[in-house]
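Just so it is clear: chains get the letters A, B, ... in the order the sequence lines come, proteins before strands, and each one is counted from 1. A quick note: this is a predicted structure, and the numbers were derived from the prediction, not measured.
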Protein chains: 2
Amino acid sequence: MHKEEQFRTYRGYALLEQEIGALTPSMEDYLEMIYRLTEKNGYTRIQELAAALNVQPSSATKMVQRLAEGNYLIYEKYGVIKLTPLGDQMGKRLLARHNTLVEFLKMIGATSHLLEDTERIEHNVSQETLTCISRLVHFFREHPTWLKAYQEYCTRFSQRSKL
Amino acid sequence: MHKEEQFRTYRGYALLEQEIGALTPSMEDYLEMIYRLTEKNGYTRIQELAAALNVQPSSATKMVQRLAEGNYLIYEKYGVIKLTPLGDQMGKRLLARHNTLVEFLKMIGATSHLLEDTERIEHNVSQETLTCISRLVHFFREHPTWLKAYQEYCTRFSQRSKL
DNA sequence: CATTGAATTTAGGAGCGTCTAACTTTTTTA
DNA sequence: TAAAAAAGTTAGACGCTCCTAAATTCAATG
(Lines give C-alpha, C1' and ligand atoms only; values in the text may rest on other atoms or scores of the structure.)
Protein backbone atom coordinates (compact mmCIF):
# COMPACT_ATOMS: atom_id res chain seq x y z
CA MET A 1 0.00 0.00 0.00
CA HIS A 2 2.39 2.66 1.15
CA LYS A 3 5.15 1.71 -1.28
CA GLU A 4 7.64 2.44 1.40
CA GLU A 5 10.01 -0.15 0.05
CA GLN A 6 11.73 2.48 -1.99
CA PHE A 7 13.03 4.49 0.91
CA ARG A 8 16.71 4.42 1.56
CA THR A 9 18.87 6.01 4.13
CA TYR A 10 21.09 8.86 3.19
CA ARG A 11 23.98 6.45 3.31
CA GLY A 12 22.06 4.06 1.12
CA TYR A 13 21.81 6.58 -1.69
CA ALA A 14 25.49 7.41 -1.33
CA LEU A 15 26.39 3.75 -1.70
CA LEU A 16 24.21 3.45 -4.78
CA GLU A 17 26.05 6.34 -6.38
CA GLN A 18 29.35 4.74 -5.63
CA GLU A 19 28.29 1.68 -7.50
CA ILE A 20 27.61 3.60 -10.65
CA GLY A 21 31.02 5.21 -10.42
CA ALA A 22 29.93 8.72 -9.53
CA LEU A 23 32.11 11.14 -7.62
CA THR A 24 31.64 11.20 -3.88
CA PRO A 25 30.62 14.50 -2.28
CA SER A 26 34.15 15.02 -1.05
CA MET A 27 35.63 14.33 -4.44
CA GLU A 28 33.27 16.93 -5.84
CA ASP A 29 34.38 19.43 -3.25
CA TYR A 30 38.02 18.94 -4.06
CA LEU A 31 37.46 19.05 -7.78
CA GLU A 32 35.37 22.17 -7.58
CA MET A 33 37.98 23.90 -5.47
CA ILE A 34 40.83 22.79 -7.69
CA TYR A 35 38.91 24.26 -10.57
CA ARG A 36 38.61 27.60 -8.80
CA LEU A 37 42.24 27.71 -7.74
CA THR A 38 43.35 26.65 -11.16
CA GLU A 39 41.65 29.48 -12.95
CA LYS A 40 44.38 31.95 -12.08
CA ASN A 41 47.57 30.11 -12.95
CA GLY A 42 46.51 26.93 -14.66
CA TYR A 43 47.55 24.86 -11.67
CA THR A 44 47.38 24.65 -7.91
CA ARG A 45 49.29 22.92 -5.15
CA ILE A 46 48.49 20.61 -2.29
CA GLN A 47 48.92 23.24 0.33
CA GLU A 48 46.80 25.88 -1.31
CA LEU A 49 44.09 23.31 -1.83
CA ALA A 50 44.23 22.05 1.73
CA ALA A 51 44.07 25.56 3.13
CA ALA A 52 41.12 26.49 0.94
CA LEU A 53 39.15 23.47 2.09
CA ASN A 54 40.18 23.54 5.73
CA VAL A 55 41.72 20.10 5.71
CA GLN A 56 45.19 18.83 6.47
CA PRO A 57 47.65 18.51 3.59
CA SER A 58 47.76 14.77 4.07
CA SER A 59 44.07 14.53 3.37
CA ALA A 60 44.48 16.59 0.23
CA THR A 61 47.30 14.37 -0.98
CA LYS A 62 45.21 11.28 -0.60
CA MET A 63 42.25 12.71 -2.44
CA VAL A 64 44.35 14.19 -5.21
CA GLN A 65 45.83 10.78 -5.79
CA ARG A 66 42.36 9.32 -6.08
CA LEU A 67 41.28 12.00 -8.52
CA ALA A 68 44.40 11.38 -10.58
CA GLU A 69 43.50 7.71 -10.78
CA GLY A 70 40.09 8.72 -12.05
CA ASN A 71 41.72 10.81 -14.78
CA TYR A 72 40.37 14.06 -13.48
CA LEU A 73 43.81 15.55 -13.03
CA ILE A 74 47.51 15.17 -13.65
CA TYR A 75 49.68 14.92 -10.61
CA GLU A 76 53.14 13.73 -9.78
CA LYS A 77 54.57 13.48 -6.30
CA TYR A 78 55.70 16.79 -4.91
CA GLY A 79 54.49 18.43 -8.07
CA VAL A 80 51.76 20.63 -9.35
CA ILE A 81 48.07 19.84 -9.77
CA LYS A 82 46.61 20.34 -13.23
CA LEU A 83 43.20 19.39 -14.52
CA THR A 84 42.71 17.10 -17.46
CA PRO A 85 40.06 18.05 -20.00
CA LEU A 86 37.71 15.72 -18.15
CA GLY A 87 38.47 17.34 -14.82
CA ASP A 88 38.15 20.78 -16.27
CA GLN A 89 34.78 20.03 -17.74
CA MET A 90 33.59 18.46 -14.52
CA GLY A 91 34.93 21.34 -12.45
CA LYS A 92 33.16 23.84 -14.62
CA ARG A 93 29.92 21.98 -14.18
CA LEU A 94 30.36 21.73 -10.44
CA LEU A 95 31.08 25.41 -10.12
CA ALA A 96 28.07 26.29 -12.25
CA ARG A 97 25.90 24.12 -10.03
CA HIS A 98 27.30 25.83 -6.99
CA ASN A 99 26.58 29.25 -8.42
CA THR A 100 23.05 28.37 -9.40
CA LEU A 101 22.33 27.32 -5.85
CA VAL A 102 23.90 30.45 -4.42
CA GLU A 103 21.72 32.59 -6.64
CA PHE A 104 18.64 30.67 -5.67
CA LEU A 105 19.31 30.88 -1.96
CA LYS A 106 20.08 34.56 -2.18
CA MET A 107 16.91 35.12 -4.10
CA ILE A 108 14.68 33.47 -1.58
CA GLY A 109 16.45 35.26 1.24
CA ALA A 110 18.36 32.37 2.78
CA THR A 111 21.55 34.27 3.23
CA SER A 112 22.85 33.76 6.73
CA HIS A 113 24.17 30.23 6.13
CA LEU A 114 24.59 30.78 2.45
CA LEU A 115 27.94 29.15 1.97
CA GLU A 116 27.33 26.17 4.20
CA ASP A 117 23.88 25.45 2.83
CA THR A 118 25.14 25.66 -0.71
CA GLU A 119 28.11 23.42 -0.02
CA ARG A 120 25.91 20.88 1.58
CA ILE A 121 23.00 20.91 -0.82
CA GLU A 122 24.96 20.95 -4.04
CA HIS A 123 26.06 17.34 -3.76
CA ASN A 124 22.53 16.18 -3.32
CA VAL A 125 20.66 17.69 -6.20
CA SER A 126 19.85 15.82 -9.36
CA GLN A 127 20.42 17.43 -12.70
CA GLU A 128 16.69 17.73 -13.18
CA THR A 129 16.13 19.53 -9.91
CA LEU A 130 19.00 21.85 -10.64
CA THR A 131 17.45 22.71 -13.96
CA CYS A 132 14.17 23.55 -12.30
CA ILE A 133 15.88 25.72 -9.75
CA SER A 134 17.79 27.48 -12.45
CA ARG A 135 14.59 28.19 -14.31
CA LEU A 136 13.00 29.56 -11.21
CA VAL A 137 15.89 31.95 -10.81
CA HIS A 138 15.60 33.09 -14.40
CA PHE A 139 11.88 33.38 -14.11
CA PHE A 140 12.11 35.73 -11.19
CA ARG A 141 14.85 37.68 -12.89
CA GLU A 142 12.55 38.31 -15.80
CA HIS A 143 9.70 39.21 -13.50
CA PRO A 144 11.18 41.40 -10.77
CA THR A 145 7.75 42.58 -9.75
CA TRP A 146 6.77 39.11 -8.65
CA LEU A 147 10.04 38.60 -6.90
CA LYS A 148 9.41 41.78 -4.99
CA ALA A 149 5.96 40.53 -4.13
CA TYR A 150 7.49 37.38 -2.68
CA GLN A 151 9.97 39.35 -0.67
CA GLU A 152 7.26 41.55 0.74
CA TYR A 153 5.31 38.46 1.56
CA CYS A 154 8.30 37.28 3.58
CA THR A 155 8.61 40.56 5.39
CA ARG A 156 5.00 40.44 6.45
CA PHE A 157 5.53 36.91 7.63
CA SER A 158 8.48 37.66 9.84
CA GLN A 159 6.77 40.68 11.35
CA ARG A 160 3.80 38.55 12.17
CA SER A 161 5.98 36.02 13.94
CA LYS A 162 7.47 38.76 16.07
CA LEU A 163 4.10 39.50 17.64
CA MET B 1 41.15 38.75 -0.69
CA HIS B 2 38.85 35.95 -1.71
CA LYS B 3 38.02 34.92 1.84
CA GLU B 4 38.16 31.32 0.79
CA GLU B 5 39.30 30.25 4.22
CA GLN B 6 35.74 29.51 5.16
CA PHE B 7 35.20 26.72 2.72
CA ARG B 8 34.91 23.24 4.06
CA THR B 9 34.39 19.90 2.46
CA TYR B 10 31.11 18.16 2.77
CA ARG B 11 32.72 15.89 5.31
CA GLY B 12 34.06 18.90 7.14
CA TYR B 13 30.58 20.25 7.76
CA ALA B 14 29.41 16.85 8.89
CA LEU B 15 32.20 16.66 11.44
CA LEU B 16 31.37 20.13 12.73
CA GLU B 17 27.79 19.06 13.30
CA GLN B 18 28.92 16.00 15.19
CA GLU B 19 30.85 18.19 17.56
CA ILE B 20 27.79 20.17 18.48
CA GLY B 21 25.91 16.97 19.16
CA ALA B 22 23.55 17.09 16.23
CA LEU B 23 21.99 14.01 14.72
CA THR B 24 23.83 12.48 11.78
CA PRO B 25 21.97 12.21 8.47
CA SER B 26 21.46 8.52 9.05
CA MET B 27 20.13 9.05 12.54
CA GLU B 28 17.67 11.51 11.07
CA ASP B 29 16.58 8.97 8.50
CA TYR B 30 15.93 6.32 11.09
CA LEU B 31 14.14 8.68 13.41
CA GLU B 32 11.95 10.04 10.68
CA MET B 33 11.01 6.57 9.57
CA ILE B 34 10.37 5.38 13.11
CA TYR B 35 8.06 8.35 13.47
CA ARG B 36 6.13 7.34 10.38
CA LEU B 37 5.87 3.70 11.35
CA THR B 38 4.93 4.59 14.86
CA GLU B 39 1.94 6.67 13.88
CA LYS B 40 -0.26 3.63 13.37
CA ASN B 41 0.32 1.54 16.47
CA GLY B 42 2.42 3.65 18.76
CA TYR B 43 5.44 1.44 18.18
CA THR B 44 7.44 -0.32 15.53
CA ARG B 45 9.93 -3.17 15.34
CA ILE B 46 13.42 -3.71 14.08
CA GLN B 47 12.35 -5.68 11.09
CA GLU B 48 9.70 -3.31 9.91
CA LEU B 49 12.14 -0.46 10.26
CA ALA B 50 14.93 -2.25 8.42
CA ALA B 51 12.59 -3.19 5.58
CA ALA B 52 11.29 0.34 5.24
CA LEU B 53 14.80 1.75 5.00
CA ASN B 54 16.29 -0.98 2.85
CA VAL B 55 18.95 -1.92 5.34
CA GLN B 56 19.77 -5.15 7.12
CA PRO B 57 18.20 -5.76 10.53
CA SER B 58 21.62 -5.72 12.13
CA SER B 59 22.17 -2.17 10.96
CA ALA B 60 18.82 -1.14 12.36
CA THR B 61 19.61 -2.70 15.71
CA LYS B 62 22.83 -0.79 16.01
CA MET B 63 21.27 2.53 15.16
CA VAL B 64 18.27 1.99 17.39
CA GLN B 65 20.63 1.36 20.27
CA ARG B 66 22.38 4.62 19.55
CA LEU B 67 19.12 6.52 19.38
CA ALA B 68 18.06 4.98 22.66
CA GLU B 69 21.28 6.22 24.26
CA GLY B 70 20.44 9.68 22.99
CA ASN B 71 17.02 9.46 24.64
CA TYR B 72 15.10 9.62 21.42
CA LEU B 73 13.42 6.32 22.03
CA ILE B 74 12.79 3.50 24.44
CA TYR B 75 14.06 0.13 23.49
CA GLU B 76 14.88 -3.11 25.18
CA LYS B 77 16.51 -6.07 23.52
CA TYR B 78 14.14 -8.11 21.40
CA GLY B 79 11.43 -5.67 22.24
CA VAL B 80 9.40 -2.91 20.73
CA ILE B 81 10.55 0.55 19.62
CA LYS B 82 8.73 3.51 21.10
CA LEU B 83 9.55 7.18 20.83
CA THR B 84 10.18 9.32 23.87
CA PRO B 85 8.63 12.79 23.91
CA LEU B 86 11.94 14.11 22.63
CA GLY B 87 12.04 11.59 19.81
CA ASP B 88 8.45 12.25 18.94
CA GLN B 89 8.99 15.97 18.72
CA MET B 90 12.12 15.50 16.65
CA GLY B 91 10.41 13.01 14.38
CA LYS B 92 7.54 15.36 13.80
CA ARG B 93 9.94 18.10 12.83
CA LEU B 94 11.88 15.84 10.50
CA LEU B 95 8.74 14.69 8.77
CA ALA B 96 7.51 18.26 8.38
CA ARG B 97 10.84 19.20 6.85
CA HIS B 98 10.57 16.29 4.49
CA ASN B 99 7.09 17.28 3.44
CA THR B 100 8.02 20.88 2.88
CA LEU B 101 10.74 19.82 0.51
CA VAL B 102 8.46 17.44 -1.32
CA GLU B 103 5.96 20.21 -1.88
CA PHE B 104 8.64 22.55 -3.09
CA LEU B 105 10.13 20.08 -5.53
CA LYS B 106 6.72 19.18 -6.86
CA MET B 107 5.89 22.81 -7.29
CA ILE B 108 8.93 23.61 -9.36
CA GLY B 109 8.43 20.48 -11.41
CA ALA B 110 11.30 18.36 -10.14
CA THR B 111 9.31 15.20 -9.90
CA SER B 112 11.22 12.37 -11.50
CA HIS B 113 13.70 11.93 -8.65
CA LEU B 114 11.37 13.37 -6.08
CA LEU B 115 11.93 10.88 -3.31
CA GLU B 116 15.65 10.58 -3.69
CA ASP B 117 16.26 14.30 -3.99
CA THR B 118 14.14 14.96 -0.96
CA GLU B 119 15.85 12.31 1.12
CA ARG B 120 19.22 13.65 0.19
CA ILE B 121 18.54 17.35 0.50
CA GLU B 122 16.59 17.29 3.73
CA HIS B 123 19.62 16.58 5.88
CA ASN B 124 21.46 19.50 4.45
CA VAL B 125 19.11 22.40 4.83
CA SER B 126 19.35 24.90 7.64
CA GLN B 127 16.26 25.96 9.49
CA GLU B 128 16.45 29.36 7.88
CA THR B 129 16.58 28.01 4.36
CA LEU B 130 13.72 25.67 5.09
CA THR B 131 11.66 28.60 6.29
CA CYS B 132 12.35 30.49 3.09
CA ILE B 133 11.41 27.51 0.97
CA SER B 134 8.24 27.06 2.94
CA ARG B 135 7.32 30.68 2.36
CA LEU B 136 7.94 30.32 -1.32
CA VAL B 137 5.58 27.40 -1.42
CA HIS B 138 2.90 29.35 0.42
CA PHE B 139 3.49 32.36 -1.73
CA PHE B 140 2.83 30.45 -4.90
CA ARG B 141 -0.15 28.77 -3.35
CA GLU B 142 -1.68 32.14 -2.69
CA HIS B 143 -0.81 33.32 -6.17
CA PRO B 144 -1.63 30.48 -8.50
CA THR B 145 -1.52 32.78 -11.49
CA TRP B 146 2.14 33.39 -10.99
CA LEU B 147 2.83 29.76 -10.41
CA LYS B 148 1.14 29.02 -13.68
CA ALA B 149 3.27 31.66 -15.33
CA TYR B 150 6.37 29.93 -14.03
CA GLN B 151 5.20 26.58 -15.26
CA GLU B 152 4.52 27.97 -18.70
CA TYR B 153 7.91 29.53 -18.65
CA CYS B 154 9.34 26.07 -18.05
CA THR B 155 7.36 24.55 -20.86
CA ARG B 156 8.64 27.13 -23.29
CA PHE B 157 12.15 26.40 -22.11
CA SER B 158 12.01 22.69 -22.63
CA GLN B 159 10.47 23.06 -26.05
CA ARG B 160 13.24 25.41 -27.01
CA SER B 161 15.87 22.92 -25.95
CA LYS B 162 14.27 20.25 -28.11
CA LEU B 163 14.98 22.23 -31.25
C1' DC C 1 6.66 -28.73 26.46
C1' DA C 2 9.90 -29.61 22.91
C1' DT C 3 10.86 -28.40 18.45
C1' DT C 4 11.10 -25.48 14.68
C1' DG C 5 11.23 -21.16 12.47
C1' DA C 6 11.32 -16.21 12.68
C1' DA C 7 13.27 -12.15 14.72
C1' DT C 8 17.12 -10.09 16.78
C1' DT C 9 21.80 -9.44 18.38
C1' DT C 10 26.71 -9.83 18.28
C1' DA C 11 31.10 -10.05 16.16
C1' DG C 12 33.96 -8.79 12.76
C1' DG C 13 35.12 -6.69 8.27
C1' DA C 14 35.01 -2.99 4.58
C1' DG C 15 35.28 1.78 2.50
C1' DC C 16 35.18 6.72 3.10
C1' DG C 17 37.38 10.79 4.74
C1' DT C 18 39.39 12.78 8.31
C1' DC C 19 43.36 13.31 11.65
C1' DT C 20 48.29 13.12 13.87
C1' DA C 21 52.99 11.94 13.82
C1' DA C 22 56.98 10.77 11.63
C1' DC C 23 59.54 10.72 7.47
C1' DT C 24 61.11 12.45 2.79
C1' DT C 25 61.73 15.77 -0.72
C1' DT C 26 62.12 20.36 -2.39
C1' DT C 27 63.09 25.15 -1.79
C1' DT C 28 65.10 28.94 0.48
C1' DT C 29 68.59 31.21 2.75
C1' DA C 30 72.87 32.40 4.64
C1' DT D 1 76.65 24.54 -1.00
C1' DA D 2 75.30 23.19 3.38
C1' DA D 3 71.89 23.92 6.77
C1' DA D 4 67.29 25.24 7.87
C1' DA D 5 62.60 25.75 6.64
C1' DA D 6 58.68 24.59 4.01
C1' DA D 7 56.01 21.41 1.42
C1' DG D 8 54.41 16.96 0.72
C1' DT D 9 53.96 11.90 1.67
C1' DT D 10 53.19 7.75 4.24
C1' DA D 11 51.52 4.99 7.92
C1' DG D 12 48.31 4.12 11.18
C1' DA D 13 44.20 5.24 13.82
C1' DC D 14 39.28 6.63 14.39
C1' DG D 15 34.14 7.17 13.74
C1' DC D 16 30.33 6.46 10.70
C1' DT D 17 27.32 3.12 8.46
C1' DC D 18 26.85 -0.51 6.02
C1' DC D 19 27.40 -5.66 5.32
C1' DT D 20 27.67 -11.02 6.26
C1' DA D 21 27.77 -14.91 9.17
C1' DA D 22 27.00 -17.01 13.35
C1' DA D 23 24.84 -17.10 17.83
C1' DT D 24 20.91 -16.09 20.58
C1' DT D 25 16.19 -15.31 22.01
C1' DC D 26 11.40 -15.31 21.25
C1' DA D 27 6.94 -17.12 19.33
C1' DA D 28 4.18 -20.59 17.36
C1' DT D 29 2.88 -25.27 16.47
C1' DG D 30 1.86 -29.82 17.25
Side-chain angles (χ1 to χ4, degrees), chain A residues 7-34 37 43-70 73-82 119-120 123-124, chain B residues 7-34 37 43-70 73 75-81 119-120 123-124:
Chain A
F7 273 88
R8 287 178 189 281
T9 58
Y10 190 75
R11 194 86 219 283
Y13 285 117
L15 293 176
L16 268 191
E17 293 250 305
Q18 296 291 99
E19 278 173 24
I20 62 173
L23 293 167
T24 64
S26 289
M27 285 167 86
E28 291 187 346
D29 282 322
Y30 280 88
L31 204 45
E32 184 183 320
M33 185 55 81
I34 291 168
L37 298 176
Y43 70 86
T44 186
R45 303 195 135 273
I46 291 290
Q47 229 208 356
E48 193 184 11
L49 177 59
L53 288 174
N54 267 288
V55 297
Q56 297 302 313
S58 59
S59 306
T61 298
K62 205 183 252 187
M63 188 58 93
V64 163
Q65 289 169 344
R66 277 224 289 152
L67 289 170
E69 273 176 31
L73 47 84
I74 308 284
Y75 183 64
E76 289 181 358
K77 268 194 187 182
Y78 302 102
V80 131
I81 302 163
K82 288 185 180 179
E119 293 274 320
R120 295 182 54 169
H123 310 291
N124 297 291
Chain B
F7 273 88
R8 288 179 188 280
T9 59
Y10 189 75
R11 195 88 218 281
Y13 285 116
L15 294 175
L16 269 190
E17 294 250 305
Q18 296 290 98
E19 279 174 23
I20 63 174
L23 294 166
T24 63
S26 288
M27 286 166 86
E28 291 186 347
D29 282 321
Y30 279 88
L31 204 45
E32 184 184 320
M33 185 54 82
I34 291 167
L37 299 177
Y43 70 86
T44 187
R45 304 194 137 273
I46 291 291
Q47 226 205 2
E48 193 183 12
L49 178 59
L53 289 173
N54 267 287
V55 297
Q56 297 302 313
S58 58
S59 307
T61 298
K62 206 182 252 185
M63 186 59 93
V64 163
Q65 288 169 343
R66 277 223 287 153
L67 288 170
E69 275 177 28
L73 48 83
Y75 184 65
E76 289 180 358
K77 270 191 187 184
Y78 303 101
V80 131
I81 302 163
E119 291 277 320
R120 294 182 53 167
H123 310 291
N124 296 292

A side-chain contact here means heavy atoms from C-beta on lying under 4.5 Å apart; do A/I81 and A/V64 qualify? yes
If only side-chain N and O atoms of B/Q56 are considered, is one of them under 4.0 Å from the OP1 or OP2 phosphate oxygen of D/dC18? no
Any side-chain N or O of B/R45 less than 4.0 Å from the OP1 or OP2 oxygen of C/dT8? yes
Looking at A/S59, I'd like to know whether one of its side-chain N or O atoms comes within less than 4.0 Å of OP1 or OP2 on C/dC19. yes
Below 4.0 angstrom, N of the basic side chain to O of the carboxylate: do B/E17 and A/R120 qualify? yes
Contact check, residues 24-31 of chain B vs DNA chain D, heavy-atom distance under 4.0 Å, returns B/T24, B/S26, B/Y30
Could you tell me how far apart A/H123 (NE2) and C/dC16 (C1') are, to the nearest whole angstrom? 14 Å
Rounded to whole angstroms, how far apart are CG on A/L15 and P on D/dC16? 16 Å
Looking only at C/dG15, C/dT9, D/dT9, the nucleotide nearest the A/T61 side chain is D/dT9
Might you point out which heavy atoms bring B/P25 and B/H123 nearest each other, and give the distance in Å? O-CE1, 3.4 Å
Choose from C/dT18, D/dC19, D/dG8 the nucleotide whose nearest atom is closest to any side-chain atom of B/V55. D/dC19
Nearest-Å distance for atom pair CD/P, residues B/E76 and C/dT8: 14 Å
Could you state the CD-P distance from A/E17 to C/dC16, rounded to the nearest angstrom? 14 Å
Under 3.5 Å donor-acceptor pair, B/T9 side-chain atoms to C/dT18 base atoms: no
Check B/N124 against A/N124 and note the closest heavy-atom contact, atom names and distance. ND2-ND2, 3.2 Å
Report the nucleotide, chosen from C/dG13, D/dT10, D/dG8, that has the shortest atom-to-atom distance to any side-chain atom of A/K77. D/dT10
Can you check the B/Q47 CD to D/dT25 P distance for me, whole Å? 19 Å
Taking CG from B/L49 and P from C/dT9, how many angstroms apart are they, rounded to a whole number? 11 Å
Does a side-chain N or O of A/Q18 approach OP1 or OP2 of C/dG15 to a distance below 4.0 Å, or not? no
Spacing of B/M63 atom CE relative to C/dT9 atom P, expressed in whole Å: 14 Å
Along DNA chain C (nearest heavy atom to each residue), the more 5'-positioned of B/Q65 and A/P57: B/Q65
Ignoring hydrogens, what is the shortest heavy-atom contact between A/Y30 and A/A60? Give both atom names and the distance. CE2-CA, 3.8 Å
Which atoms form the tightest heavy-atom contact between A/S26 and A/M63, and what is the distance? CB-CE, 3.6 Å
Within less than 4.0 Å of OP1 or OP2 of C/dC23, is there a side-chain N or O belonging to A/Y78? no
Any side-chain heavy-atom pair from A/Q18 and A/T24 closer than 4.5 angstrom? yes
From the list D/dG8, C/dC19, C/dT8, which nucleotide is the closest neighbour of the side chain of A/I46? D/dG8
With a 3.5 Å cut-off and just heavy-atom distances, do the side chain of B/K62 and the base of C/dT10 make a donor-acceptor pair? no
Whole angstrom is fine here: how far is it from CZ in A/R11 over to P in C/dG15? 12 Å
To the closest 0.5 Å, what do you measure between CG (B/D29) and OH (A/Y13)? 9.0 Å
